[in-house]
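What follows is a short report on a single structure.
Here is how names work: the chains are called A, B, and so on, in the same order as the sequence lines, proteins then strands, and each is numbered from 1.
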Amino acid sequence: MPPKRKAAPSAAKGEAKAGRTSRMSTPGAATPRSLDDTGDDAEDEPVVGDEELQRELDKNIDIFSVDKYKKKHTVREPLPHIFGNNDYSYLDLKKDHQNRPLWIDPQKGRIILESFNPLAEQAQDFLVTIAEPLSRPTFMHEYALTTHSLYAAVSVGLSPSDIISTLDRFLKTPLPEEIRNFITNCTQSYGKVKLVLKNTKYFVESPDPDVLQLLLKDPIIGPLRVQHGDQELTTEAAPKLGALVIPGTGAAKGVTQTSEQQLGDHGEAPKEKDVFATLNEDDDDEQDVTHAFEIADKDVETVQKQCLLLNYPVLEEYDFRRDEVNANLEIDLRPGTQIRPYQEKSLSKMFGNGRAKSGLIVLPCGAGKTLVGITAACTIKKGVIVLCTSSMSVVQWRLEFLKWSNINPEDIVAFTSDNKGSMFTGSTGIVVTTYSMLTQAGQRSYDADKMMKFLTNREWGLMLLDEVHVVPANIFRRVTSSIKSHSKLGLTATLLREDDKISDLNFLIGPKLFEANWMELSKQGHIARVQCAEVWCPMPTEFYDEYLKAPARKKQLLYIMNPRKFQACQYLINYHEARGDKIIVFADNVYALKKYAFKLGRAFIYGGTPQAERLKVLDNFQKNPELNTLFLSKIGDTSLDLPEATCLIQISSHYGSRRQEAQRLGRILRAKRRNDEGFNAFFYSLVSKDTQEVYFSSKRQAFLVDQGYAFKVITQLANMENTPDLAFSTPAERRELLQTVLVDNETAEDDEIDDDLFHKGKKGKKKGTRRTAGTLGELSGGQDMAYIERNKKVNQALKKGKGKQESHSFFKKIGRENARRAAQ
DNA sequence: GGATGAGAAA
DNA sequence: ACGGGTTCTCATCC
């Protein structure tokens, strides 16, 4: 099981429970027994005072949490000292529980899915809609029911009764009452109120007039209503779904979708119908009329804020098919374009009720986020504004639009600092620009100013927000308040930040509409399969001595410049080049990056590399069979459109950033060779043993482990000692390296040799490359390496190991295992 | 007029 | 807190 993450709701708990919660994530411990096998002798008294105090605390911390609905239960199981607070034996098992895939923790709202259950797939579809995936390793997936997740479920049109009945059908135990209450209460208030932009006017809309009356009584919202005669509310028939077809789907081609489930006969197994079928039905028969009142543009944010305070979050929807004010855009997907099932799924959530809902879609890089955005644009067919993080991706987006759709090239313009004059000539079109272009506060050039006026003075059908996770919330506020758009779609690969600003996105853009499971996509062959490994490099004693007495700044430099790490890097490059892989090496530290690249005679790109140079190197990396290894600084994390690579080596990284790790892994997911039989991409993290790096590394991996990736620990690279021409193999060389590192860092390192270095790196690669395939013959694949399979717990154990002794014995054990394996 | 670099901001 | 990387603009050069 994965490590606990810091953001877990249980973090709010008091001391009293801290000791026990650690067992929480072990599903086995929560196994309820059948009724009849428990003795009723030991009536353990529940810890009442404790729990009441806790409840009081929780109420103050978070009025909306599952704990609010917690009930006391008589504990029947006589082993509370083992199960602690996680004793669920009071939950009766249903007779046919084997056929049902879900367990639930009534107190925390955690749901455990048995991913090997025949119904797991359907259950997963459902869970992704109503709950937040926490961790999805191979056999057990853990989800959490939260207010946000239920909010999202409601926003795609599920009703509370759907959620409750479906959940109940999948559960091995009856649905606990507190969970039922939690769901009912959340869903009652959430999703009742919608913000709709109709003919350029904003309306607050709800099927329930009482809710609107309640809002109008609010001292802040009330006066903001735009009066039309005496009537307080306007009423009209609710829209029917009709035949909205998302382009690129099976339906669009006239093919009937195979929606029949191959359900087999699992006795009383729940016959679950498609969640989205349910959703569409609802719109047809239940909500016959809607009521609305109008508010002015400028008050939208105030009203949204106030509604949120009243616990009626406002969902944004765009009824684009009935918008006759904004000109239609001539755009369609190119014939023959077929979007993938998961892309279709995410879009069907966005357009679930025939309108465009605002929200976030989370897909790993390489899984076709761009195409999702483009398809959304082709569905809405109105003016689109696309926001990216860099001007490189602006160009990229425009090209993708031209590639996938039949948009007239004159109707799609880029707005960046190089190109701020031109605009589409028709009545509508697509603008691709950057966040900074829109939020630039300082003085602007004349053209940019003119363009901004144009952008802010018109209405847009869709705002596409790329890489939504990198942009802080206050920038969003500025963007969304200056650009009037009917709907917003945020795209991202990782909804992760080390700070907690990510939750703001839920209300600034919308709920999370869809999140893909990386492992699943990779099993289906949409993204590459990846072997992840952490390579432990010991620190030579000279380096370690220096490390111990160095200040933090220098420590970092020392463990990055660890010569053993350098050798490991060299070894891996040799090995993978011989296999024909394209390798990217990441180093955050520019000094180290240059040193490594120079010493190994390979090309590198960092922030200071001029644009033309970058393109040239990237182009060579892609096409030139002589250039197979590329060194990148942080620049490679975001703002570079990397050609596909199949192997990735990380020699230094930014502290414990899970996002960076995920993003970097994403760089090798689009490898085309993934369809080859048994093909793997490789991801290595080089870590200097006994340094802070070990700790950071374990933190960084958390996200990937939750996505189901297994990290292997390599303590010894096979046959490395016998590899010829390793750098720094003599003590003298190592001492010299140490000296250089120390000296270079004392003086503010100045690099006039910079450009020189770079060119040498490029030219020098021919003589630098040394194929060592012969000595590596016995290594036919990643699995055969001298890997010791360990999961992250090892790292954690190491991190927790208080003294040197512990870690030493630990290493000895590894060493023994290593030897034993080698002997076999 | 188009590259290129410096300097600012966030 | 810092270094890394953006972006924008303006000034300079050929």
Are any of the side-chain nitrogens in [X] or [Y] under 4.0 Å away from the carboxylate oxygens of its partner?
X: A/R667; Y: A/D637; value: no
X: A/K582; Y: A/E644; value: no
X: A/E577; Y: A/R602; value: yes

Tell me: [atom1] of [X] to [atom2] of [N], nearest whole Å?
X: A/N419; N: C/dT9; atom1: CG; atom2: P; result: 12 Å
X: A/R553; N: C/dA1; atom1: CZ; atom2: C1'; result: 9 Å
X: A/D637; N: C/dG3; atom1: CG; atom2: C1'; result: 14 Å
X: A/R664; N: C/dG5; atom1: CZ; atom2: C1'; result: 12 Å
X: A/N589; N: C/dG3; atom1: CG; atom2: P; result: 11 Å
X: A/Y655; N: C/dG5; atom1: OH; atom2: C1'; result: 15 Å
X: A/F415; N: C/dT7; atom1: CZ; atom2: P; result: 14 Å
X: A/Q611; N: B/dT4; atom1: CD; atom2: P; result: 11 Å

Under 4.0 Å: is that the gap between some side-chain N or O of [X] and OP1 or OP2 of [N]?
X: A/R614; N: C/dT6; value: yes
X: A/K420; N: C/dC8; value: no
X: A/S391; N: C/dT7; value: yes
X: A/S633; N: C/dG5; value: yes
X: A/S436; N: C/dT7; value: no

key: Strand contacts (DNA chain C) in residues 446-455 of chain A, 4.0 angstrom heavy-atom criterion   =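 Residues of residues 446-455 of chain A that come under 4.0 Å of DNA chain C are, in numerical order, A/A448.
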
request  = Check whether any side-chain N or O of A/D581 sits under 3.5 Å from a backbone N or O of A/A645 as a donor-acceptor pair, and report yes or no.
outcome  =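 No; zero donor-acceptor contacts below 3.5 Å.
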
task = Could you please name the option among C/dT6, C/dG5, C/dC8 that lies closest to any side-chain atom of A/S390?
result = C/dT6

ask   = Of all the nucleotides listed (C/dG4, B/dA10, C/dT7), which has the minimum atom distance to the side chain of A/I475?
value = B/dA10

message = My understanding is that only residues two or more places apart in sequence, or in another chain, count here; which of them pass side chain to side chain contact (heavy atoms under 4.5 Å, CB included) with A/S405?
response =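 A/I331, A/I374, A/C378, A/F401, A/I407.
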
Residues A/E542, A/R735; criterion salt bridge (charged side-chain N to carboxylate O under 4.0 Å, His left out); working and verdict = CA-CA 7 Å; A/E542 323 75 282; A/R735 268 198 305 279; 5.7 Å; no

ask   = In this structure, which one of A/K616, A/R614, A/E613 forms a side-chain contact (heavy atoms from CB on, under 4.5 Å) with A/I605?
value = A/R614

